[in-house]
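Just so we're on the same page: letters track the sequence lines, and every chain starts at 1. This structure is a prediction, so every number in the text was calculated from the model and none was measured.
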Amino acid sequence: MKIATWNVNSIRARLPNVMAWLAEAKPDILLMQEIKCETDAFPAMDFKAAGYETHALGQKSYNGVAIASLHPIEAVHEGLPGDAKDEQARYVEVTIKGVRVASIYAPNGNPVGTEKYDYKLAWLARLKKHAAALLRDEKPVVLGGDYNVIPEPIDVHDPAAWEGDALYLPQTRAALRDILNLGYADIFRALHPHRKNAYTFWDYQGGAWPRDNGIRIDHFLLSPEAVDRVAGCTIDRAPRGEDKASDHTPVILELRA
DNA sequence: ATGGTTGTTGGACAA
């Protein structure tokens, strides 16, 4: 089973790119982030025509997550538990063929020193708590998405340029490690421990893409039962080079049946 | 130091 995650940076602006990629890559499941539209505006019919059923959790203008699947979507949970007042659409979780799968869009957190960074750390702490609860079932769990965290220096082309940024602060990286230390694997890095230039995001500005000035911030975190089934994890750079590209590119996880 | 880009939206804000 092929599961992909892609921050599409507006599903309506990106629909041609996403449909073309689905037709070519044929993932069983696509996790999307930053759909940037309300739930009702999600182009579900376009996905249905391509054979995918969808579940979207949208929000006007910002954020928003969705899941598309060739197989039936069950047991939907909208929103990250732990703060009833949080109205930002950043988490949707489903079960597909017995696998618990979540599409995650963690807060960016910039500028540091504002309530935005506090919200980011609080959100990641909530994710940790929920991720711990999910482990208790001892079933395959796949938490995929844009974590807005650069885990290690190997994951950034120009570390000095990111010093002090909300994506790379020691406290941010520690918040991701807190989740990994529960028993989750950052499966791309686990499979490719020394691979450099394995980026998933290149800024629109400053010629970041042609210079390969990227960062790895889109991750698949897997429970031990999911790790048992891993056949591979790759980054498909091609979509970032297309016309009207998202600033992120897909990460693909392959699980054995 | 500044401005460089894209999307949503119709002036900033977010990334």
Side-chain angles (χ1 to χ4, degrees), chain A residues 5-21 30-44 46 56-66 80 86-92 103-124 127 144-151 155-169 171-173 175-176 199-219 235 237-251:
Chain A
T5 182
W6 192 4
N7 180 324
V8 296
N9 186 18
S10 168
I11 188 56
R12 291 180 293 182
R14 216 64 59 209
L15 195 58
N17 306 56
V18 173
M19 287 301 145
W21 189 77
L30 176 61
L31 313 177
M32 287 163 275
Q33 300 85 35
E34 280 205 272
I35 63 171
K36 287 188 169 178
C37 64
E38 292 180 291
T39 302
D40 291 343
F42 185 84
D46 295 86
L57 178 63
Q59 176 185 337
K60 185 178 169 63
S61 304
Y62 303 116
N63 311 318
V65 287
L80 183 63
D86 187 359
E87 293 181 346
Q88 299 190 28
R90 297 180 174 276
Y91 186 93
V92 64
S103 179
I104 285 173
Y105 178 50
N108 174 294
N110 283 304
V112 170
T114 69
E115 68 290 338
K116 286 178 181 289
Y117 189 63
D118 297 336
Y119 174 69
K120 177 178 193 159
L121 291 180
W123 198 93
L124 289 171
L127 180 60
D146 177 1
Y147 284 75
N148 269 314
V149 179
I150 301 166
D155 298 308
V156 48
H157 179 268
D158 181 8
W162 291 86
E163 290 283 335
D165 190 279
L167 279 64
Y168 194 52
L169 275 182
Q171 247 191 114
T172 305
R173 294 167 55 195
L176 180 65
Y199 307 131
T200 66
F201 168 91
W202 298 259
D203 202 286
Y204 286 127
Q205 305 181 59
W209 168 246
R211 293 164 194 254
D212 198 23
N213 183 10
I215 53 178
R216 190 176 71 93
I217 56 175
D218 298 270
H219 309 300
I235 298 167
R237 296 169 70 102
R240 184 61 180 85
E242 300 286 345
D243 283 344
K244 300 285 289 176
S246 169
D247 40 8
H248 296 249
T249 213
V251 185

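- Scanning for salt bridge (Lys or Arg N to Asp or Glu O under 4.0 Å) contacts around A:R173 gives A:E152, with sequence neighbours left out.
- The side chain to side chain contact (heavy atoms under 4.5 Å, CB included) test with A:I104 is passed by exactly one of A:L127, A:D146, A:V65: A:L127.
- Taking 4.0 angstrom as the limit, A:R14 places a side-chain polar atom (N or O) nearer than this to OP1 or OP2 of B:dG7.
- Closest non-hydrogen pair, A:R14 versus A:K244, comes out as NH1-O, 2.6 Å.
- To the nearest angstrom, C1' of B:dT8 lies 15 Å from CD1 of A:I11.
- With no hydrogens or angles considered, a side-chain donor-acceptor pair links A:N9 and A:K36 at under 3.5 Å.
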Just the table, please: protein N/O against nucleotides 13-15 of chain B N/O, every pair under 3.5 Å.
residue: B:dA14; atom: OP1; partner: A:K116; partner atom: NZ; Å: 3.3

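- For B:dT6 and B:dG10, the C1' atoms lie 16 Å apart once the distance is rounded to whole Å.
- Nucleotides B:dG4 and B:dA15 are separated by 14 Å at their C1' atoms, to the nearest Å.
- Note that the CG atom of A:L167 and the OH atom of A:Y147 stand 14.0 Å from one another [nearest 0.5 Å].
- Regarding A:R211, its CZ atom lies at a distance of 14 Å from the P atom of B:dG4, rounded to whole Å.
- Partner of A:W202 under the side chain to side chain contact (heavy atoms under 4.5 Å, CB included) criterion, out of A:I215, A:N213, A:D247, A:T249: A:T249 alone.
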